[in-house]
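Just below is one structure, and these are the notes that go with it.
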Amino acid sequence: MGWLAEIRSGRRHPLNTETVVGRGPSTDIRLDESFVSSLHAAVTWAAGGWGVKDLGSHNGTAVNGTAVPSGMRRRVEEGDEISFGMSSATWTLVDGAPPQPWAVRESDGEVESGRDGILVLPRADDPKASIVAGPVDTWRFEAADEVDDIADRQALQVDGQTWIVRLPAILGSTRSLHGARLQLRLSDAELIIAVDTDGRGGTVFVQAELGSFSFPLGNTMVLLTQLVHARVEGAGWVDRETLLETLSMTSNRLNVSVFRLRRQFAEAGFVDAAQVVERGQRRLRLGTRRVGFSE
């Protein structure tokens, strides 16, 4: 996820698809300096990289000391320095990764950032709620039995705390498969599930058009197995309470398993890993029909 850091103070700020910098109250990064214009510049993600565009500021914007012409976008690489008005207001692109969903806790300004298109709140080791990419360029909030579409800058209540979410318009992720660059999606691949004899782990074999690979699963295999069985048998959706009883899980433990399963598919290279587990009102299902068990 992209981050800017101010050289003078060391403070850091996460980057959305478009992050507006200036002195005005509506800006994303507010700089309280007289030489900074109200709407000074915008740092944006486009064409697979970060760039900065001067928004007609009075004192200009510079990248590594070179002025950016007003209205033009200048590419910015990780480690580059961006000055807004004067050199004393210089920030560095310390992380050039693509934008991800993130949220700021209203009470103390704490930022929780997502990865691979998945944001977990209040934190990754205590997943009470998840924000994941939904169908047709939407974002969804999932918490226990609640599943709702959400919008950028929306306030969400999680575990008694208010979080303001920032949702990117673009997600960028690729996988290298035998030297080829591609967007690997669940619909592009067939999954074959091989469960260990003790039922506590196993292997997912992926067969895609440009090649095949596999990756191991640990305890999340028990959840995946139940969802795969439902798909293979034609039922599709699995009642959440039935799943909790079958797996002898608490609600929180199920949330953790869903989060970890999605993360493992993301690490394996699926850009739509969040859809490996689809959630409806009080039910779950596997997000692909192209799946089977190894004999």
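Without hydrogens or angle criteria, His40 side chain to Gly56 main chain gives no donor-acceptor distance under 3.5 Å. Side chain of Asp54 to main chain of Pro69: no donor-acceptor pair is present (N/O by atom type, distance under 3.5 Å, no hydrogens or angles). Side-chain N or O atoms of Arg240 include none that pairs as donor or acceptor with a backbone N or O of Arg282 at under 3.5 Å.
In this structure, Glu78 has no salt bridge (Lys or Arg N to Asp or Glu O under 4.0 Å) partners at least two apart in sequence or on a different chain. Residues that satisfy the side chain to side chain donor-acceptor pair (under 3.5 Å) test with Arg260, not counting sequence neighbours, are absent from this structure. Under the side chain to side chain donor-acceptor pair (under 3.5 Å) criterion, Lys53 pairs with no residue at all, not counting sequence neighbours. Taking the salt bridge (Lys or Arg N to Asp or Glu O under 4.0 Å) definition, one finds that Asp125 meets it with Arg123, sequence neighbours left out. With sequence neighbours left out, the ring pair (Phe, Tyr, Trp, His ring centres under 6.0 Å) criterion links Trp163 to no other residue. The salt bridge (Lys or Arg N to Asp or Glu O under 4.0 Å) search around Arg75 returns Glu77, not counting sequence neighbours. Residues meeting the salt bridge (Lys or Arg N to Asp or Glu O under 4.0 Å) test with Glu112, sequence neighbours left out: none. Partners of Phe35 under the ring pair (Phe, Tyr, Trp, His ring centres under 6.0 Å) rule, at least two apart in sequence or in another chain, do not exist in this structure. Taking Trp3 as the reference, nothing meets the ring pair (Phe, Tyr, Trp, His ring centres under 6.0 Å) condition, with sequence neighbours excluded.
Ser113 and Gln100 share no donor-acceptor pair across their side chains, judged by distance under 3.5 Å alone.
Ion pairing between a basic and an acidic side chain is recognised when a charged N comes within 4.0 Å of a carboxylate O; Arg283 and Asp239 show no such pairing. A salt bridge links Arg166 to Asp152: one of the charged nitrogens lies within less than 4.0 Å of a carboxylate oxygen.
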Without placing hydrogens or testing angles, list every side-chain donor-acceptor pair under 3.5 Å for residues 219-235, not counting sequence neighbours.
unit_1, atom_1, unit_2, atom_2, d
Thr220, OG1, Gln264, OE1, 2.6
Thr225, OG1, Met221, O, 2.7
Arg231, NE, Leu286, O, 2.9
Arg231, NH2, Leu286, O, 3.0

Kindly list each side-chain donor-acceptor pair under 3.5 angstrom involving residues 85-92, sequence neighbours excluded, with atom names and distances?
unit_1, atom_1, unit_2, atom_2, d
Thr90, OG1, Ser83, OG, 2.7
Thr90, OG1, Ser87, O, 2.5

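Ring geometry, Trp45 versus Trp50: the interplanar angle exceeds 60°, so the pair is classed perpendicular (tilted spans 30 to 60°). Taking the six-membered ring where tryptophan is involved, the planes of Phe270 and Phe213 are tilted, since the angle between them lies from 30° to 60°.
Nearest approach of Ala41 to Thr61, heavy atoms of both residues: CB-OG1, 3.7 Å. Here the closest non-hydrogen pair linking Thr203 and Ser214 is CG2-CB, 3.8 Å.
The only option from Val76, Ile7, Val68 that meets the side-chain contact (heavy atoms from CB on, under 4.5 Å) definition with Ile82 turns out to be Val76.
Here ring pair (Phe, Tyr, Trp, His ring centres under 6.0 Å) pairs that include residues 99-130, with residues two or more places apart or in two chains, are His13-Trp102.
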- Go through the steps for Asp126 and Lys128 under the test salt bridge (Lys or Arg N to Asp or Glu O under 4.0 Å), then give the verdict. CA-CA 6 Å; Asp126 184 23; Lys128 295 289 196 309; 2.7 Å; yes
